[in-house]
Amino acid sequence: MKISTHLVSAPLHTPFVTALRTATHADSLLVEISDGELSGWGEAPQVWKVTGESLAGAQACVAGPIAAALDGIGPDDLTEALRRVQNAAVGNFGAKGAVDVALHDLAARRRGQTLHGFLGSTVDTVPTDVTLSAGDADALAAAARDRVADGFDVLKVKVGTGDAAADVARVRRIREAVGPGPRLRLDANQGWTRRGAVNAIRALEDCDLELVEQPVPADDLEGMAWVTDRVSTPILADESVYGVRDLVAVIRHGAADMVNVKLAKCGGLGPARTLLELAREHGIRSIVGSMMEGPVGVGAAAALVSAYPTSAVNDLDAAWWLKESPVVGGIRYDGALIHLPAAPGLGVTGLTV
Ligand SMILES: [Mg+2]
C-alpha cells in the first residue's frame, strides 16, 4: 500500500464565527492510501484549540510512524492494519483517524461496497443539526431563522464565551425568533463555572433545551457531575472524552448523561464503534460530531452513524459550510439530511484541485 497526504483549503460560503476566531476556509490534511489501483481516503482536521493537533503534526505522524507501522501489510489485512495504526504513536488522534478511515474506505472499495454498507448500514441518509455562527442577539436570531428556512430543525448555539447572563438572554432571543418547533442545544465549550452553568441552565428551563454540551472544563469531571446532578437538561461530554478510558472515567463519576464521539478525538471508526457500544451498555446516550472537516471526514462520521445509530441528531454540519469541495464526489446535503453516496467507499474519486 502507498500512503500519501494532501493539504487542502476549502472556502466557506458563510464565515464561521466563534468567540475565538473567524474562519473563512476549512484547512485539513487528506490521507490517500492506494493499493496500486484503488484509493481510500481519510481526513485530519486542524484542531489547535481542542486536541492541540496541527496539520503539520498529522502529516509528520502519517508519513513517519504510521507509514512505518503499515510497511509490508496488505490492504485486506484490515484488522491488523487498524491495530498497528492505533499503536504507532501516542496521541495524534487526527492522523490515526484519517488513516483508519482511509483503510476502511479502501477495504470497502476493494469489495465494491459503500463505506456505510461495509459498516453494516441499510440506510442512505442521516439528519444533522447546524451550528449558529456567533454574534450578538439580533444576529443570532436572524441566523436561526435563516437556518430553519434552510431546512434545519436542530440548532446548536455556542455559549460560554463570557457572561452567563448574556448567554441566557441570547438563547431566549433565539427561542423567541424560531418559536417552539426547532430543537435548541447549547455548547459551552468548557466556558462556564459549575455554579454559572447550573444558574444558566436553570434560567433556560422554559426554553426547552435538548442538551447542554461541555459546560465546564474538560478535566473537571467532579464539576460536571455536580452540574449534571442539579439540572434536568441532559449534559453532553465532548472535550472530556477522547477515548475509551475517558468515557470510563465519565461513567464512574456520573459526570454526564451523553457523550459526543468524534473520529478526530478517538482515532477513527474502530475506536468510535467501541465508544458507542460502551456508552450504550452503560446507559449513556450518544451523538457523533466532527471538527471543521469536509466531505471525507464528515462522510466517514455519517457512514458510522448510519450503521451504529446514536441517541440524538448528530452534529455533522461542518461540510455544509463549504462553498467548494476539495474532493470530487462524497456526501451531499439536502437541508438537514445528509445523503450518503451510492458509489463505493466514501464515494470520493479524487481531489478537485
Ligand atoms: Mg462541542
Side-chain angles (χ1 to χ4, degrees), residues 16-21 23 26 28 45-53 93-94 97 128-134 140 147 152 154-162 164 167 170-171 174 183-194 196-197 200-201 204 209-221 223-224 227-228 231 233-243 246-247 249-250 255-267 272 275-276 279 284-293 297-298 301-302 304-305 310-321:
F16 187 74
V17 183
T18 70
L20 299 173
R21 65 183 191 129
S28 62
Q46 179 122 280
V47 207
W48 289 117
K49 291 289 185 182
V50 183
T51 65
E53 293 179 10
F93 302 105
T128 179
D129 69 2
V130 69
T131 298
L132 302 181
S133 225
L140 280 168
R147 295 295 87 84
F152 293 98
V154 184
L155 306 177
K156 175 164 155 175
V157 184
K158 294 282 193 180
V159 293
T161 55
D167 283 335
R170 276 193 287 269
V171 173
I174 292 166
R183 268 167 282 173
L184 289 186
R185 47 175 67 166
L186 309 187
D187 188 353
N189 287 116
Q190 318 180 54
W192 282 336
T193 62
R194 55 174 82 176
I201 295 166
L204 287 168
L209 299 180
E210 181 195 17
L211 59 90
V212 174
E213 189 166 342
Q214 199 66 48
V216 298
D219 58 3
D220 185 14
L221 294 185
M224 199 142 78
V227 174
T228 298
V231 298
T233 304
I235 300 298
L236 172 71
D238 181 8
E239 289 95 324
S240 290
V241 177
Y242 281 45
D246 305 317
L247 181 55
V250 163
D257 305 291
M258 304 180 69
V259 60
N260 188 345
V261 174
K262 296 177 179 171
L263 299 177
K265 285 191 303 179
C266 70
L275 282 166
L276 292 174
I284 303 286
R285 299 196 297 134
S286 59
I287 68 168
V288 167
S290 77
M291 306 297 183
M292 202 67 217
E293 294 166 55
V298 175
L304 172 71
V305 299
T310 49
S311 320
V313 169
N314 298 290
D315 184 21
L316 297 175
D317 61 320
W320 177 82
W321 294 82

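Just so you know, ligand 1 is whichever comes first in the structure, and atom 1 is the first atom listed for that ligand. Since this is a predicted model, take the numbers as computed values, not measurements.
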When rounded to the nearest 0.5 angstrom, what is the spacing between CG in Leu236 and CD1 in Ile287? 5.0 Å

If I consider every N, O or S atom in Glu213, which one ends up closest to the Mg ion (ligand 1)? I only need its name. OE2

So what does the Asp238 OD2 - the Mg ion (ligand 1) - Asp187 OD2 angle come to, to 10°? 180°

Let me confirm one number: the CE-CZ distance from Met224 to Arg194, rounded to the nearest 0.5 Å. 11.5 Å

Glu239 backbone or side-chain N/O/S under 2.8 Å from the Mg ion (ligand 1): no

Does Arg183 come within less than 4.0 Å of Asp129, counting only side-chain N to carboxylate O? no

Rounded to the nearest 0.5 Å, how far does CZ of Arg285 lie from CG of Asp257? 7.5 Å

